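To start, the structure under review is shown below, and the notes come after it.
If you're wondering where the values come from, they're calculated on a predicted model, not measured in any experiment.
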Amino acid sequence: MQVDASTGVDRSGTPFTLLCTYVLAGLGFGCMVGWGLVGVFSPSLSLLSYEGITQSLVLRSIGIAAIAITYALCKAQADWVLEHHGALVAVTTVLSLTVVLNAALHQLWDAPMAFGILSWALYGVGDGVLCIAWCAYLSLIPTRRTGVAVTGGSVAGTVLFVLAAASSPVGLSLFAMALLPLVSMAVLVFLFRQIAAPAINEAKGYRKSPSLSASASFSLATHGVVYGFISLRMCLIGTEATVIVGASGIVSCACAVAVAYRAPKTNLDNSIVQRITLPVIVVGLVFMPLFDDVGVIVCGCLVNNALAFSSTMTRSTLSIENAEFHLHPVARYAERQVPHWVGFLAGTLLAFAVSSAGLDDERVFLFVVAVLVALAVVAFAIYGANDSKAKAQLDDLLTVDDPAPDPPQEEHVAAHFRVRCERVCGRYDLSPREAEIFTLLAKGRNAKFIQEELCISSSTVKTHIYRIYRKMGINSQQLLIDTVDDEAIR
């Protein structure tokens with residue numbers, strides 16, 4: 001990368017400080033992903049392998065239930081969570097490390113079960129809060145390469161998970177696991193401090209996002225059921241199977257990176273993601289009962305890749321939409337995570353029930369797999385593979401104000417945008433009329449709208465736009481909007 005020392009801009013036109021932000025965000029987000037994978041596959045890792053399978057399932061289920069409850073509470077208290085994000089994420093992340101302490105103590109003596117229950121409940125709270133805090137941060141930065149940061153971070157997180165899970169001896173593995181949430185928290189706190197205070201304190205000025213439909217909730221819950229079933233099934237096979245299946249997700253995450261890089265603001269809604277992932281999930285589930293452990297692992301890799309791609313693209317799309325439509329990142333992300341984790345818990349318990357009934361009974365396993373396949377297909381059919389209504393609701397937010405905004409807060413949000421526009425206009429010495437048109441362009445308005453709004457001719461509008469572009473050295477409205485976005489982190 002070649003950087004102009006006088007402007008801090010590389011050849012692609014992206015400010016160097018913004019590039020550093022994306023890189024750091026990818027690293028910190030990746031550590032969070034790695035920590036989450038450690039929790040998902042914990043029964044076969046050093047974090048829980050000291051216990052019998054029944055005790056491991058109990059502790060893991062408590063952690064999963066705590067995650068779901070945490071998301072529900074964050075949805076209910078979204079403004080408070082966003083306003084106190086710093087202290088909240090620091091405290092809950094540190095407390096979540098008690099699961100590592102619990103595992104370390106068990107290497108020396110049998111710690112009481114009560115401490116294990118408490119530690120996994122704290123893990124669930126910490127994991128949920130850390131995920132929400134990252135979504136909130138990614139929803140506050142310019143969206144030019146947010147997708148690359150999220151998808152690239154998922155790749156890094158998968159690698160970090162493998163390194164931590166495969167480390168030996170146990171003490172080294174536990175130490176590596178403990179570093180993941182700590183590094184993620186430290187990077188997140190640092191990045192939040194680089195954002196101007198007005199961009200964070202406008203929590204109550206967010207638009208109200210469209211509610212999650214029942215069909216969408218069912219779709220998310222179904223993916224959770226399949227993920228919970230597959231992850232515990234791999235854990236029952238052994239540590240090697242767990243690490244292989246967990247590591248396989250790097251393939252789909254790399255594909256997501258390619259998509260995000262080629263089309264930075266591509267909106268892959270849930271229906272499109274379902275079209276891509278459903279066939280892979282169905283194939284993996286259908287063939288799973290036909291093979292021995294090696295074949296089951298291969299099928300598990302297929303399903304895991306489909307689910308990893310879905311999760312990664314959903315996180316990326318949500319962050320970009322939150323930023324561009326000014327939607328509440330905590331409320332919106334938490335709302336979509338509750339059905340997923342409730343389904344994940346159900347899938348985990350289902351896998352354990354099948355194991356208890358005897359995996360050697362092919363009829364039981366075939367029946368359960370058939371149910372999962374039917375559930376996935378039904379979820380796809382009910383959801384309709386069509387998100388046009390949700391898209392239309394989001395598009396309406398660009399032109400329709402909230403029904404009852406709080407005037408002082410609305411003025412605060414508008415002022416923050418105006419300040420950025422004024423800075424850019426001053427930097428490029430735009431005239432008052434050019435500045436007026438510049439602001440409308442920065443809002444996404446087209447030439448026809450500007451013509452009608454300012455009561456001037458079409459040719460005059462085009463002339464002003466041409467002069468603005470020439471002074472700024474750009475050739476498109478998107479570059480103009482990106483310039484205003486970049487002012488948020490200066």
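A donor-acceptor contact shorter than 3.5 Å links the side chain of Ser96 to the backbone of Thr93. Of the possible donor and acceptor atoms, none in the side chain of His85 sits under 3.5 Å from a partner among the backbone N and O of Val81. With Thr92 contributing its side chain and Val129 its backbone, the two residues share no donor-acceptor pair below 3.5 Å. Using modelled atom types, one side-chain atom of Thr317 and one backbone atom of Met313 make a donor-acceptor pair closer than 3.5 Å. Between the side chain of His340 and the main chain of Arg336, no donor-acceptor pair closer than 3.5 Å is present. Judged by distance alone, the side chain of Arg315 and the main-chain N or O of Cys135 form no donor-acceptor pair under 3.5 Å. Under the 3.5 Å distance criterion, the side-chain polar atoms of Thr151 are left unmatched by any main-chain donor or acceptor of Cys253.
Here Thr70 contributes atom OG1 and Gln337 contributes atom CD; the two are 11.5 Å apart, rounded to the nearest 0.5 Å. For the atom pair OG1 of Thr222 and CG of Leu278, the computed distance is 10.5 Å after rounding to the nearest 0.5 Å. Atom CD of Gln194 and atom SG of Cys20 lie 10.5 Å apart (nearest 0.5 Å). With rounding to the nearest 0.5 angstrom, the OG atom of Ser49 is 7.0 Å from the CG atom of Leu45. Taking CD1 of Ile141 as the reference point, atom CG of Leu191 lies at 8.0 Å (rounded to 0.5 Å). Atom SG in Cys255 sits 7.0 Å away from atom CZ in Phe309 (nearest 0.5 Å).
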Test log, rule side-chain contact (heavy atoms from CB on, under 4.5 Å), inputs Gln478 and Asp482: CA-CA 6 Å; Gln478 184 58 58; Asp482 287 342; 3.0 Å; yes

CA sep, side-chain torsions, deciding dist, call: Thr98, Ser119, side-chain hydrogen bond (donor to acceptor under 3.5 Å, both in side chains): CA-CA 5 Å; Thr98 53; Ser119 65; 4.8 Å; no

Intermediate values then yes/no, side-chain contact (heavy atoms from CB on, under 4.5 Å), Leu182 and Leu97: CA-CA 9 Å; Leu182 287 177; Leu97 291 175; 3.6 Å; yes

side-chain contact (heavy atoms from CB on, under 4.5 Å) between Leu160 and Cys31, worked out: CA-CA 7 Å; Leu160 292 172; Cys31 289; 3.8 Å; yes

Residue pair Leu82, His328: steps toward the side-chain contact (heavy atoms from CB on, under 4.5 Å) verdict: CA-CA 9 Å; Leu82 186 58; His328 204 301; 4.0 Å; yes

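Phe352 places none of its side-chain heavy atoms less than 4.5 Å from the side chain of Ser61. A 4.5 Å side-chain heavy-atom check between Met32 and Pro181 finds every atom pair outside the cut-off. Annotation: side chain of Leu188 is in contact with side chain of Val89 (closest heavy-atom distance under 4.5 Å). For the pair Ile281 and His223, the minimum side-chain heavy-atom distance is below 4.5 Å. The shortest distance between side-chain heavy atoms of Ser42 and Trp120 falls below 4.5 Å. Proximity of Val148 to Tyr22: side-chain heavy atoms (C-beta onward) are nowhere separated by under 4.5 Å. For the pair Ile244 and Glu240, the minimum side-chain heavy-atom distance is below 4.5 Å. In this structure, Val23 and Leu27 have side chains that are not in contact, with every pair of non-hydrogen atoms separated by 4.5 Å or more.
Here the closest heavy-atom approach between residue Cys74 and residue Val330 is recorded as O-CG1, 3.7 Å. Shortest non-hydrogen contact noted between Cys235 and Pro43 is SG-CD, 3.9 Å. When every heavy atom of Tyr261 is checked against every heavy atom of Arg145, the shortest pair comes out as O-NH1, 2.9 Å. Across all their heavy atoms, Ser184 and Leu130 have their closest contact at OG-CD2, 3.8 Å. In this structure, Pro329 and Asn322 approach most closely via the heavy-atom pair CA-ND2, 3.5 Å. Nearest heavy-atom pair, Val225 versus Ala346, reported as atom, atom and distance to 0.1 Å: CG2-CB, 4.3 Å.
Phe161 meets the ring pair (Phe, Tyr, Trp, His ring centres under 6.0 Å) test with Phe41; sequence neighbours excluded. For Phe344, the ring pair (Phe, Tyr, Trp, His ring centres under 6.0 Å) test picks out Tyr227, Trp341, with sequence neighbours left out.
A side chain to side chain donor-acceptor pair (under 3.5 Å) with Ser46 is found for one member of Ser173, Ser168, Ser167 and no other, namely Ser173. Among Ile67, Leu57, Ile117, Leu345, the one residue that satisfies the side chain to side chain contact (heavy atoms under 4.5 Å, CB included) test with Ile62 is Ile117. Partner of Leu47 under the side chain to side chain contact (heavy atoms under 4.5 Å, CB included) criterion, chosen from Leu59, Asn102, Val170, Leu174: Leu174.
In this structure, Phe115 places its CZ atom where more than 12 heavy-atom neighbours from other residues, nucleotides or ligands lie under 6.0 Å away. Other residues, nucleotides and ligands contribute more than 12 heavy atoms inside 6.0 Å of the CD atom of Gln107.
Between the side chains of Arg60 and Ser231, at least one donor N or O sits under 3.5 Å from an acceptor N or O.
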Which atom pairs, donor and acceptor, lie under 3.5 Å between side-chain atoms of residues 282-305 and protein residues at least two apart or in another chain?
| from | atom 1 | to | atom 2 | distance (Å) |
| --- | --- | --- | --- | --- |
| Asp292 | OD1 | Val294 | N | 3.3 |
| Asp292 | OD1 | Gly295 | N | 3.4 |
| Asn304 | ND2 | Val245 | O | 2.8 |
| Asn304 | ND2 | Ser248 | OG | 3.4 |
| Asn305 | OD1 | Ser252 | N | 2.9 |
| Asn305 | OD1 | Ser252 | OG | 3.3 |
| Asn305 | ND2 | Ser248 | O | 3.1 |
| Asn305 | ND2 | Cys301 | O | 2.9 |

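Ring geometry for Tyr333 against Tyr71 counts as perpendicular: the plane angle is over 60°, on a 0 to 90° scale with 30° as the lower cut.
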